[in-house]
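The structure under discussion appears below in the form of structure tokens.
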Amino acid sequence: MSERPWLSNYDDGVPHTLAPYPAITMLDLLRDSARERPGDEAFLFMGSSISWRELELKSSAFASALRAQGVGKGDRVAVLMPNSPQMIVAEFGIWKAGGIVVLLNPLYTEPELERAIRESEAETAVVLTLFYEKINNIRSNTPLKRVIATSIKEYLPPLKRLLFAVLKERQGGHRIALRPGDSSMADVIERHARSEAPKLTVAPSDPALFLFSGGTTGNPKCVVGRHEALVMTGMQINSWFDSALGNDRTVIMLNLPLFHVFAQVAVMASGFIRRSPMVLMPDPRDIGALIATIKRRKVEMLPGVPTLFNALAAHPRLRRDPKALRSLRLIVSGASSLHLETRNRFEQLTGGCIIEAYGLTEALAAPVFSPARGLKKSGSVGLPGTDVELRIVDAEKCDNVLPPGEVGEILIRSPQNMSGYWNNPDETAAVLRDGWIHTGDLGYLDEDGYLFVVDRKKDVIKASGFQIWPREVEEVISRHPSVLETGVAGVPDDYQGEAVKAWIVLREGAFLEPAELKAWCRKELAAYKVPKHIEYCDSLPKSAVGKVLRRVLVERHNGGVKKGL
């Protein structure tokens, strides 16, 4: 096997290397777009828009305000808000002030927020008014010195802003009274509107982002991403997408939360390079609004996760308007495995090209993609992208590189790999070794360089001495016509040590006996892989980007009342 067999399977036009990468940052990309295409729409939001020029000016004003409040080079600034123009303005303002953006999940509980702010040592937070009191409740236990608040209504068109103020603002918890020393984002931007951006150098090698990751241990840690990493990933992904989208400006959906590496780095950075208008969706769970927005804005590229595609395909709006998603030309599925049945159903629904993606927060989403035009192998997430290298090693003896077809731990090396975990040298040394990220995922490469992800190393089920990968069982169950979603994990068992359990969400109106499902599984799975336990539920616990949380399912099994067989 050649050292990089995947290169010969790239789509025509995808470069084998992009090195040397330009010594630029996202700030340079924004500055160039604001100068060359000042009036073009950069971001679309709830019926309004913000141009490249507006984004440049507002983020410069916000940067001046941050500097006036004491934010300096290398300071961490927490951002707690949904996808919105304010979030983009805040990010670029923080970068222009020399700061590091700490992206927080708005769904975090107060203890989780407190832990994240303490971990990142952020002294400033920019928050949506809806989350202002949540921050206030924990700030005395954190390094926070100042909070800047913004209302979601500030970038709504006039009529929607009025309706929001009348119908939702007070009763929804959006109206707040600022504490002494805190400030309004709109006010500080207006106050510094005529100020020039701070005169300081932001180097490509400077830290830009903290992204929280559980890594291989499950404990949240701050992944440090450099400015150049965003540009590198954006360039790699853009070159891959060109074979499906061409070089024209493509309307891109930003429905996945921007605190996650998929949307923040993989999608948004490539949108900046392409100078595409990007549609911001504040609530990724509002499937009806997503469908309506795709149709109205003629969105051409949709990133998502398998649970989103299942929800879209099952939504009643598409029964009334089956062509609502026909503007989509490219659909990118990441974060978890895309079952074949889901792929087929969604391709028929949209007529678009679906590609799978695999990446890692620690690798700043260094992409592995199925080809847009070339051969897609069933069960494979595709080929390493430009300048991304993969290696499969023995999961126990990590220095032993395995040949094609053998399952082991997946290692990734790319120029945009994280600098490390913030203030955590031991965890960094465990994951980042000799330039290679040890992913904790199990998989194999075939002779052609296609990657097959088998499962998470820690999710492998060991039943009676057999190793069982949950994904394999999920694939079989998901093909049953009555099944909408499934999650599979190992649960404690006195006889087997661990037993296979499946949690099932049925399609609307469907009925499925456990015995029938087990019989279905026996057609394709060895007896020891067939679920011993089956539980029916209304929904599955998911991460912020829609990945099924097997850990939570197991916790519920161990601590809760079980139903089913």
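Only a predicted model underlies this, so the values are computations on that prediction, with no experimental measurement involved. All residue numbers refer to positions in the sequence shown, counting from 1.
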Practice item. Count the heavy atoms of every other residue, nucleotide or ligand shown that sit under 6.0 Å from CZ of R285, and state whether that count exceeds 12. Key: no
Point to revise | Atom NZ of K145: over 12 foreign heavy atoms under 6.0 Å | key: no
Exercise for review: Identify, with sequence neighbours excluded, every residue that meets ring pair (Phe, Tyr, Trp, His ring centres under 6.0 Å) alongside F45.
Suggested key: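 Result, ring pair (Phe, Tyr, Trp, His ring centres under 6.0 Å) vs F45: none returned.
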**Study point:** Contacts of type ring pair (Phe, Tyr, Trp, His ring centres under 6.0 Å), residue W422, not counting sequence neighbours
**Key:** F210
Check your understanding: After noting the C-alpha distance and the side-chain angles of S213 and E362, does the key distance pass the side chain to side chain donor-acceptor pair (under 3.5 Å) rule?
Key -> CA-CA 8 Å; S213 169; E362 284 78 357; 2.6 Å; yes
Exercise for review: Given side chain to side chain contact (heavy atoms under 4.5 Å, CB included), test R329 with L245 step by step and report yes or no.
Suggested key: CA-CA 7 Å; R329 295 162 57 198; L245 297 173; 4.1 Å; yes
Any side-chain donor paired with an acceptor under 3.5 Å for [X] and [Y]?
X	Y	result
Q416	T233	yes
R146	T124	yes
D387	Y21	yes
N417	S414	yes

When you measure from the side chain of [X] to the backbone N and O of [Y], does any donor-acceptor pair fall under 3.5 Å?
X	Y	value
S276	G271	no
R413	L411	no
S84	P82	yes
K134	P106	yes
S151	E154	no
D441	I410	no
E56	A34	no
E123	L144	no
N83	L280	no
S370	E356	yes

Check your understanding: For the residue pair F272 and W52, does the interplanar ring angle fall in the parallel (under 30°), tilted (30 to 60°) or perpendicular (over 60°) class?
Key -> perpendicular
Practice item. Over 60° means perpendicular and under 30° means parallel, so classify the ring planes of H16 and Y10, tilted if in between. Key: perpendicular
Point to revise | From CA spacing to verdict: salt bridge (Lys or Arg N to Asp or Glu O under 4.0 Å), R67, D75 | key: CA-CA 11 Å; R67 296 288 286 185; D75 288 348; over 6 Å; no
**Study point:** Atom pair NE2 (H227) and CD1 (I100), whose distance is rounded to the nearest 0.5 Å
**Key:** 8.0 Å
Practice item. Kindly determine whether S270 and N238 satisfy side chain to side chain donor-acceptor pair (under 3.5 Å), including the steps that lead there. Key: CA-CA 5 Å; S270 64; N238 206 49; 5.2 Å; no
Practice item. Start with the C-alpha gap between F241 and F369, add the side-chain angles, then the distance that decides, and say whether ring pair (Phe, Tyr, Trp, His ring centres under 6.0 Å) holds. Key: CA-CA 10 Å; F241 288 172; F369 280 131; 5.5 Å; yes
